[in-house]
Trainee: 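Sending over a structure as structure tokens; questions will come in a sec.
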Amino acid sequence: METQHSLNEDDDQELMAIYRQFIGRWALELSDRDMKILALRVQGYTLQETAKVFEITRERIRQIECRIFRTMKLKAIRDGVRCFTDVVS
């Protein structure tokens with residue numbers, strides 16, 4: 001038995017475009033350093049590789065990354081996005 005989804009493919013693409021707009025706006029509110037860290041991590045850099053670029057520990061990169069996502073989650077709540085995991089997945 002197939003599960004019926006409430007959104008069709010066009011609706012899903014439109015929703016993802018809206019999510020990308022929110023993420024773009026939230027990212028503009030990050031510091032330059034946080035943006036660079038996030039960009040490297042999204043490009044596939046490991047914690048260790050990112051840490052080398054910034055000459056800090058990988059644990060510190062992990063902490064900064066957690067803070068970035070916590071900040072973005074708060075911005076999502078502020079902007080009325082109900083499910084932040086939908087936005088970042």
Trainee: Just wondering, do Ile56 and Ile64 contact through their side chains at under 4.5 Å, heavy atoms?
Mentor: yes
Trainee: Taking all non-hydrogen atoms of both residues, which atom of Ala51 and which atom of Arg58 are closest, and how far apart?
Mentor: CB-N, 3.6 Å
Trainee: According to a 4.5 Å side-chain heavy-atom criterion applied to Ile, Leu, Val, Met, Phe, Trp and Tyr, with indirect links allowed, do Phe69 and Ile77 form part of one hydrophobic cluster?
Mentor: no
Trainee: Using side-chain heavy atoms (C-beta onward) and a distance below 4.5 Å, is Arg25 in contact with Asp79?
Mentor: yes
Trainee: Can you give me every donor-acceptor pair (side chain of residues 32-39, partner residue at least two apart or in another chain, under 3.5 Å) with its distance?
Mentor:
from, atom 1, to, atom 2, distance (Å)
Asp34, OD1, Arg67, NH2, 3.2
Asp34, OD2, Arg67, NH1, 2.8
Asp34, OD2, Arg67, NH2, 3.4

Trainee: Residues in salt bridge (charged side-chain N to carboxylate O under 4.0 Å, His left out) with Arg62, at least two apart?
Mentor: Glu59
Trainee: Do the side chains of Arg78 and Leu74 get nearer than 4.5 Å, heavy atoms only?
Mentor: no
Trainee: Answer with yes or no whether the hydrophobic clustering places Tyr45 together with Val42; edges join I, L, V, M, F, W, Y residues whose side-chain heavy atoms lie under 4.5 Å apart.
Mentor: yes
Trainee: So Leu47 and Glu65, side-chain contact (heavy atoms from CB on, under 4.5 Å) or not? Walk me through it.
Mentor: CA-CA 10 Å; Leu47 289 173; Glu65 194 174 61; 4.3 Å; yes
Trainee: Side chains of Glu49 and Leu40: does their closest heavy-atom pair fall under 4.5 Å?
Mentor: no
Trainee: To the closest 0.5 Å, what do you measure between CD (Gln48) and OG1 (Thr57)?
Mentor: 9.0 Å
Trainee: Tell me, please, which residues at least two apart from Arg70 pass salt bridge (charged side-chain N to carboxylate O under 4.0 Å, His left out).
Mentor: none
